[in-house]
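Report on the structure given below.
Throughout, a chain's letter reflects where its sequence line sits, starting with A, and its residues are numbered from 1. Hydrogens, waters and symmetry mates play no part in the numbers below; they use all other heavy atoms, side chains included.
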Amino acid sequence: MPNTDRTEPSQKNPNKINAGRFFENFTLNEVIQHATPRTISAGDAALNIALTGARNPLHCSEPFAQSLGYATAPIDDLLAFHIAFGKTVPDISVNAVANLGYADVRFMQPVFVGDTLSTSSTVIGLKQNSSGKNGVVYVRSTSVNQHNQPVLSWVRWVMVHKKDLDAPAPETVIPELPAFVSAANLSIPHSFSAESFNATATGGKYFWEDYQAGERINHSAGMIINDSDHSLATRLYQNNARLHFENLYIPNLQVNTMDAVAEKIGKRLVYGGVVISTCRALSFGGLENALTILAINAGAHANPCFAGDTIYSYTEVLDRWELPNRNDAGALRLRMVGIKNATPAEISELKPQNSYHPNVVLDLDYTVLMPRKGNV
Amino acid sequence: MPNTDRTEPSQKNPNKINAGRFFENFTLNEVIQHATPRTISAGDAALNIALTGARNPLHCSEPFAQSLGYATAPIDDLLAFHIAFGKTVPDISVNAVANLGYADVRFMQPVFVGDTLSTSSTVIGLKQNSSGKNGVVYVRSTSVNQHNQPVLSWVRWVMVHKKDLDAPAPETVIPELPAFVSAANLSIPHSFSAESFNATATGGKYFWEDYQAGERINHSAGMIINDSDHSLATRLYQNNARLHFENLYIPNLQVNTMDAVAEKIGKRLVYGGVVISTCRALSFGGLENALTILAINAGAHANPCFAGDTIYSYTEVLDRWELPNRNDAGALRLRMVGIKNATPAEISELKPQNSYHPNVVLDLDYTVLMPRKGNV
Amino acid sequence: MPNTDRTEPSQKNPNKINAGRFFENFTLNEVIQHATPRTISAGDAALNIALTGARNPLHCSEPFAQSLGYATAPIDDLLAFHIAFGKTVPDISVNAVANLGYADVRFMQPVFVGDTLSTSSTVIGLKQNSSGKNGVVYVRSTSVNQHNQPVLSWVRWVMVHKKDLDAPAPETVIPELPAFVSAANLSIPHSFSAESFNATATGGKYFWEDYQAGERINHSAGMIINDSDHSLATRLYQNNARLHFENLYIPNLQVNTMDAVAEKIGKRLVYGGVVISTCRALSFGGLENALTILAINAGAHANPCFAGDTIYSYTEVLDRWELPNRNDAGALRLRMVGIKNATPAEISELKPQNSYHPNVVLDLDYTVLMPRKGNV
């Protein structure tokens, strides 16, 4: 099947097929409104459980959520993120060579069944590569609910093909990005209180004070990702990146840090968000009281994941922060490492020769909210 | 495994297993009430997205639906059709040799979460075949909601086995069927208005006036259908036709025009409705503003589809109609062609030697509602 | 991959991973509150249809449920059971050698969308085996709704490893268990009435009086269980038993009567609950009016089931009971036999040489509620 058929749809259907933006089509400070606003439903939440096996009661028990001050059970943080993110794909990354990175991912408001998420992106940086064939685009994307309140905000940068190689290079602008979202910038849901936290509901025995920086937790459970599992999830997120649905032959594909594909493939790549959600669900055993995600500081999809892979994970505790003006809960900065086809015990060094161990599929730096012992 | 085990269940369990109607059991003008009324839920709508990847905001964004005059987001037209259709299978087509065709499929009312659909069929035609072994049954099926309002109505005809070969042939009655549902017979939801249509929500740049009869759109995306994908969908529709769930060995199976199987198979046939919904979702890229289906004029499942097939599609614009007394929106009559394991660019002739190209799986003639440019 | 990695997670992560209870950790009369209370949603109900193909209108038609006196459609009895059961796995059976049996499973209240189920277990029996390496634990588990009303209650017994072989054997206590739930102990939903039962909705022609003890019904339909099907279902139930999600190599695994695995396996075992729900859905053809499950009297997973197996079933009528003070409906005690890769007609003897036929996967003794003819 000739590759040209897939890379040049716009030439064959000049009028109707949106071929997506190429590097020269992005302008600094441009705001892009993404299509398909999405109302979150009870069906999305149930599918998230069926797809991940998530057992965090915050997202599946209304009384438990209410005991923490929520109006009702919010949906899984990562489900909201994947749905919001999916909307940016047709405009931002459909012609991407590589997804290079994430930064400053903030979870600003809980999302409830009935909320409608709309996502937009602002171009905050541009840098044409020295080859002149492509360039790096930095966007800050924000998803708002039906009250126009921001619920999620994140920066990502992607390498995008130029189509018109004669188009002039834009001025290089590289945004300054934080290494991590600081404690002061974390958004705790305003009605949240862990004063009545019921550890029976989570089954967790360990609290914020019990986790020490440097500690490693090898989560025992693993999970095989089936073909339909990742297809269903990626479609649920309305992420239409073609390499998740077709066995694309991708020549000259380069290694990158997010959605990396290390070699030419003739099979479907599992969407990186599926790997993140799988690892998060597997890590429940050992992090039962990590109630909600406050931030993703950085992330790398170290190696590609395909259907049939068995995913395991381990967590390193990076840091432990008090939160301003509260002693019912604190923040933990964690490193969640996803592994394919090997157990955590078999991975002693993450980067044995300065590059990722071939069985490592995810290296995610994120921050969670956890009740403190003193108040329980 | 002896085939008789499957074709004669009624002989082994004379009292309790409903073997379904054979040709001699159908009577002209008979009305058949089908079992299992079905209340549509938010779970059905979410599963429809997970199964198809549909991105049409009309079915997943409450505010967008409300901006068009709907009380809330209606469910996907085809989801409603497949659910309504599934109910007819045990009574109409369980002993069918072949599903021969569809006509005059009308989408009469939007269906919302909470609506309960009940389906009945009237026998409107009968013709015993010259062999005396089977005959063609024509039924008009109608699905009503809990207010007894018709929401869907369609004609199909199937070839059904006779069980008692000595049963006398009925009088031959062949109903007159329209080649397509005319503009005057299309039902626009009575509160619908495209005056406030927001093209940002669909991402579509093209309107009713932009589509020209004869124009062809090669949709770029493809999708592999996994085993669980089609099994989940067909079960969700409560369509219990056995060839979708068991690896039946079907001797002497004949080519037909709907749910066609070209050869003896030892694997499960993907339900034709799954192919239709997949193609409709893939065709969003290029038909973003085709908001809702008003009619299916005719359809053929040109070749069988099995799990593992990659589905692509293209659309030909057949006609463009003004709608009576309105200038906010018009109708487009489209031909949606589904292809397996080849891209649209590889299919130049639909019927190279007077029969369908072996990679073509669907040839569907349908009519959609699209906003007009003038009012946007 | 060394097996020790899986059997001794607690040694490697002494502080944070809950390795679950070993035999010596159970104490007679101890009450264990299980984690993850679960609010049932419309998404769960839709997924149950997509996963099983269930066509019983009681669980998918609000008007039909209301015509029988329910406030709205209750969720499928077995969906409620599997969700409630899943919560007990981390505390009761994570270190189980074998699930030995079930008894006295009572369905005490219908469960509706919006209900939150919380499950607890009481240790009602203990018996260390003569080897001193493991023992049998009997628990009565009860699931209550948000009003603290019991909705489900059941006894099961599992063989669990000892970790500390020097721990003293507890006093042997073996609870007395009923062979079946008697008619007097069945809970009919208090507002239930079959006086307005509409057989058109079920499509069933046979009523309580029509079924005779000793009668056998060979259900004609079969269903292949796909990898994703059982993975999705087991995750939806939040049942995290590892052998359903990883290709565990399990040495010295013994044959047992529930979740039996006859040999060392290198593939995932389909959760027994998936087999039960599949058989129940397949048995709709012939038991259309078996509206709801009142009890499970006993059950054996006779042989393991793996993805790719085609499941068939037959039903034997064991008994027919009048219900106290009512003549609108009665109870039927049924034996539902699940078969893999063979049709019911091929299984004449359930236990040809005193052990289960190798194609038999399920032998379930249960009791259903069915309308009586007199009142319809």
Exercise for the section: Start with the C-alpha distance between A:His357 and A:Glu349, add both sets of side-chain angles, then the distance that settles side chain to side chain contact (heavy atoms under 4.5 Å, CB included), and finish with yes or no. Expected result: CA-CA 7 Å; A:His357 189 292; A:Glu349 265 191 280; over 6 Å; no

Exercise for the section: Provide the closest heavy-atom pair for A:Asn198 versus A:Thr200 in the form atom of the first, atom of the second, distance. Expected result: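 In this case the closest contact between A:Asn198 and A:Thr200 is OD1-N, 2.9 Å.
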
So which part of [X] gets closer than 4.5 Å to some heavy atom of chain A, the side chain, the backbone, both or neither?
X	value
C:Ser41	side chain
C:Leu47	side chain
C:Asp227	both
C:Thr36	both

Completion exercise
The single option from A:Thr116, A:Asp44, A:Asp115 that satisfies side chain to side chain donor-acceptor pair (under 3.5 Å) with A:Arg38 is A:Asp44

Exercise for the section: Pick one of side chain, backbone, both or neither for A:Ala65, based on which atoms fall under 4.5 Å of a heavy atom in chain C. Expected result: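 When you check distances to chain C, no heavy atom of A:Ala65 falls under 4.5 Å.
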
Completion exercise
Interface check, chain A: of C:Ser228, C:Gly43, C:Ala35, most non-hydrogen pairs under 4.5 Å belong to C:Ser228

Problem - Pick from A:Ala201, A:Gly53, A:Ala50, A:Ala45 with the largest number of heavy-atom pairs that fall under 4.5 Å of chain C - result: A:Ala50

Handout entry: A:His82 ring center within less than 6.0 Å of A:Tyr271 ring center
Key = yes

Practice task
Show the numbers, then the answer: is there a side chain to side chain contact (heavy atoms under 4.5 Å, CB included) between A:Tyr211 and A:Met370?
Solution key: CA-CA 10 Å; A:Tyr211 292 83; A:Met370 191 178 281; 3.4 Å; yes

